[in-house]
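Right, one structure below, let's go through it.
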There are 2 protein chains.
Amino acid sequence: MVNKLRQHIIDRLGSAPDNIDDVLATFHTLKLKRNEVILKQGEICKYVYFVASGCLQVFVYDKEMNETTRDIITENNWCSELISFGGQKPATENIRSVEPSDLLAIDRQGFQRLTETVPQFDNIYKQILEASYANSVYRINTFVSLTALERIKWLMDYRPKLMSRLSSKLIASYLGISQETFSRLKGKL
Amino acid sequence: MVNKLRQHIIDRLGSAPDNIDDVLATFHTLKLKRNEVILKQGEICKYVYFVASGCLQVFVYDKEMNETTRDIITENNWCSELISFGGQKPATENIRSVEPSDLLAIDRQGFQRLTETVPQFDNIYKQILEASYANSVYRINTFVSLTALERIKWLMDYRPKLMSRLSSKLIASYLGISQETFSRLKGKL
DNA sequence: CTGAAACGTTGACATTTGTCAACACGAAAC
DNA sequence: GTTTCGTGTTGACAAATGTCAACGTTTCAG
């Protein structure tokens with residue numbers, strides 16, 4: 001489990017930082033069953049998570065308590081509510097496991113220590129941030145201009161594995177359409 | 001014009017970095033009329049811009065060549081296509097002035113020199129990135145769950161000045177609705 | 001100043017999508 | 001093994017939004 005993170009860091013940086021074991025030791029492990037909530041809207045997000053295996057859902061509730069999913073994070077990716085984590089503000093989003101998952105978590109104190117003492121770790125943070133941002137921009141641009149059917153096609157191109165891995169309900173909420181519409185449009189492919 | 005940037009940097013950092021004049025000298029100025037395009041989809045984004053005055057629109061074309069606007073940047077904010085700029089990849093977005101504007105531009109070489117030699121500048125970059133990201137997340141979560149009317153209300157709360165400052169056409173494209181729908185719904189407030 | 005072009009509004013209508021309800025199916029709980 | 005619950009599908013209908021067209025107004029170039 002820790003080895004997955006080790007490999008991820010090496011891949012990202014091209015080579016291992018000298019004190020990689022120190023970096024890894026700053027994380028603690030976390031095993032989740034299906035449907036465990038690890039962050040609730042309104043709380044302060046205390047950790048940045050590395051998903052070693054499994055799958056997390058980042059979502060919000062609208063005023064009728066429908067869920068809409070902003071992001072779906074699968075293994076070998078990072079997950080957090082960075083705005084809450086970085087600014088110590090109440091989170092505007094919820095995070096939940098949609099599969100049994102293994103996570104590595106780092107708290108703010110550990111995170112700050114590493115960004116100050118391990119220059120390469122600071123780089124990794126920038127990379128996480130850049131990737132998250134790129135992802136968001138991509139998503140906005142698809143959302144604003146695409147119809148429901150086009151969004152489904154987009155998902156099949158962009159993240160094809162999600163289509164078979166996740167429930168229709170979750171995918172529909174990720175695409176911002178109703179479950180029924182999703183079910184109907186799937187037929188028209 | 002340069003003083004606006006100086007003030008912005010001081011505000012962001014709490015105090016001026018020692019070599020602030022060196023930082024400022026790395027930017028060059030740029031005057032735009034209305035409707036000048038400074039980045040086209042497919043090109044590599046060469047600059048990060050600080051908007052000293054005026055207003056920029058970041059937008060994409062869909063396949064019918066309709067514009068949809070991902071972001072609107074007004075004075076004292078930063079604008080770029082960070083993914084293209086950082087990764088030297090073709091831009092997926094266009095940038096255009098919607099008002100006569102004064103910009104301060106920094107190229108990649110200057111940017112890298114500053115992030116390496118002026119630690120506080122690296123911090124500013126992180127802040128730009130974090131702000132851009134926060135903004136995107138906010139926008140996704142409103143888009144996915146709000147109706148056209150709710151989006152209009154959202155804009156009036158979130159960025160009320162834009163409503164009076166910009167054309168209906170531009171606002172509609174920012175909200176992801178047609179100009180006609182926007183016109184009709186404005187009546188229902 | 002003047003004409004062309006872009007913009008904003010409104011109406012009529014088509015299309016897309018959501019909502020509610022019913023039902024079949026399979027997974028999980030007991 | 002049976003029951004229960006969540007999920008996925010389908011139909012009927014309602015609501016939201018887009019499209020096309022017309023027209024008056026504003027803006028801007030010449």
Side-chain angles (χ1 to χ4, degrees), chain A residues 32-37 54-55 57 59-69 72 96-101 142-156 162-189, chain B residues 32-37 54-55 57 59-69 72 96-101 142-156 162-189:
Chain A
L32 301 180
K33 296 178 200 159
R34 230 169 73 92
N35 279 331
E36 286 196 68
V37 174
C55 183
Q57 171 196 15
F59 64 101
V60 296
Y61 292 106
D62 66 18
K63 54 183 183 309
E64 284 101 22
M65 290 301 278
N66 299 315
E67 307 183 356
T68 53
T69 300
I72 294 169
R96 170 169 63 202
S97 58
V98 297
E99 295 174 0
S101 305
T142 62
F143 258 99
V144 186
S145 57
L146 301 187
T147 64
L149 184 59
E150 289 169 331
R151 290 181 202 175
I152 296 173
K153 286 181 182 158
W154 169 82
L155 184 62
M156 296 196 324
L162 295 189
M163 292 288 286
S164 48
R165 180 168 177 176
L166 305 175
S167 73
S168 296
K169 192 185 177 188
L170 179 54
I171 294 178
S173 101
Y174 181 62
L175 295 178
I177 59 185
S178 72
Q179 212 186 137
E180 293 94 332
T181 298
F182 180 64
S183 175
R184 289 183 174 96
L185 292 179
K186 263 191 302 186
K188 301 195 179 171
L189 291 174
Chain B
L32 300 181
K33 296 177 201 161
R34 228 169 74 90
N35 279 331
E36 285 196 69
V37 174
C55 183
Q57 172 196 16
F59 64 101
V60 296
Y61 292 106
D62 66 18
K63 54 184 184 308
E64 285 100 21
M65 289 301 277
N66 299 314
E67 305 182 356
T68 54
T69 300
I72 294 170
R96 170 168 63 201
S97 59
V98 297
E99 295 173 1
S101 305
T142 63
F143 257 100
V144 185
S145 57
L146 299 187
T147 65
L149 185 57
E150 289 168 331
R151 290 180 203 174
I152 296 173
K153 286 179 183 160
W154 170 81
L155 184 62
M156 296 195 324
L162 295 189
M163 292 289 284
S164 48
R165 179 168 176 175
L166 305 175
S167 74
S168 296
K169 192 185 176 189
L170 178 54
I171 293 178
S173 102
Y174 181 62
L175 295 178
I177 59 185
S178 71
Q179 212 184 136
E180 293 93 333
T181 298
F182 180 64
S183 175
R184 286 185 239 273
L185 293 179
K186 261 191 303 186
K188 302 196 180 173
L189 291 175

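- The interatomic distance linking A/D62 (CG) with C/dT19 (C1') rounds to 14 Å, in whole Å.
- Residue A/S178 is classed as a base contact, given a heavy-atom separation below 4.0 Å to a base.
- Checking C/dA12, D/dT9, C/dG8 against every side-chain atom of A/K186, the shortest atom distance belongs to D/dT9.
- Atom pair B/L170:CG and C/dC7:C1' shows a separation of 13 Å (rounding to whole Å applied).
- Rounded to an integer number of Å, the gap from A/L175 CG to C/dT17 C1' is 14 Å.
- As rounded to whole Å, 20 Å separates atom P of C/dA6 from atom CG of B/L166.
- For the pair A/F182 CZ and D/dG8 P, the interatomic distance rounds to 9 Å; values are reported in whole Å.
- Checked by atom type, the side-chain pair A/T69/A/S173 shows a donor-acceptor distance below 3.5 Å.
- As rounded to whole Å, 10 Å separates atom P of D/dC20 from atom CD of B/E64.
- For B/L185, the listed nucleotide lying nearest its side chain is D/dT17; candidates were D/dT17, C/dT17, D/dT10.
- With a 4.5 Å cut-off on side-chain heavy atoms, B/E67 and B/K169 do not count as touching.
- At least one side-chain nitrogen or oxygen of A/T181 sits closer than 4.0 Å to the OP1 or OP2 atom of C/dG18.
- Between the P atom of D/dC28 and the CG atom of B/N35 lies a distance of 10 Å, rounded to the nearest Å.
- Judged by distance alone, the side chains of B/S183 and B/E180 never bring a donor and an acceptor atom under 3.5 Å apart.
- Rounded to whole Å, the distance from CD on A/E180 to P on C/dA21 is 12 Å.
- Here C/dC7 is the nucleotide among C/dT17, C/dC7, D/dT17 with the atom lying nearest to any side-chain atom of B/K169.
- Judged by distance alone, with hydrogens and angles left aside, the side-chain atoms of A/S145 form no donor-acceptor pair with the main-chain N or O of B/D62 at under 3.5 Å.
- Between the side chains of A/S168 and A/K186, a donor-acceptor pair is found at a separation under 3.5 Å.
- Contact check, B/S168 against C/dG8: a side-chain N or O comes under 4.0 Å of OP1 or OP2.
- Positionally, the nearest nucleotide of DNA chain D for B/A148 lies more toward the 5' end than for the other of B/R34 and B/A148.
- A donor N or O paired with an acceptor N or O is not found under 3.5 Å between the base of C/dC7 and the side-chain atoms of B/Q179.
- Between D/dT17, C/dT10, D/dT9, one nucleotide has an atom nearer to the side chain of B/R184 than all others, and that is C/dT10.
- Residue contacts for A/I177: at a heavy-atom cut-off of 4.0 Å it reaches the sugar-phosphate backbone alone, with no base atom in range.
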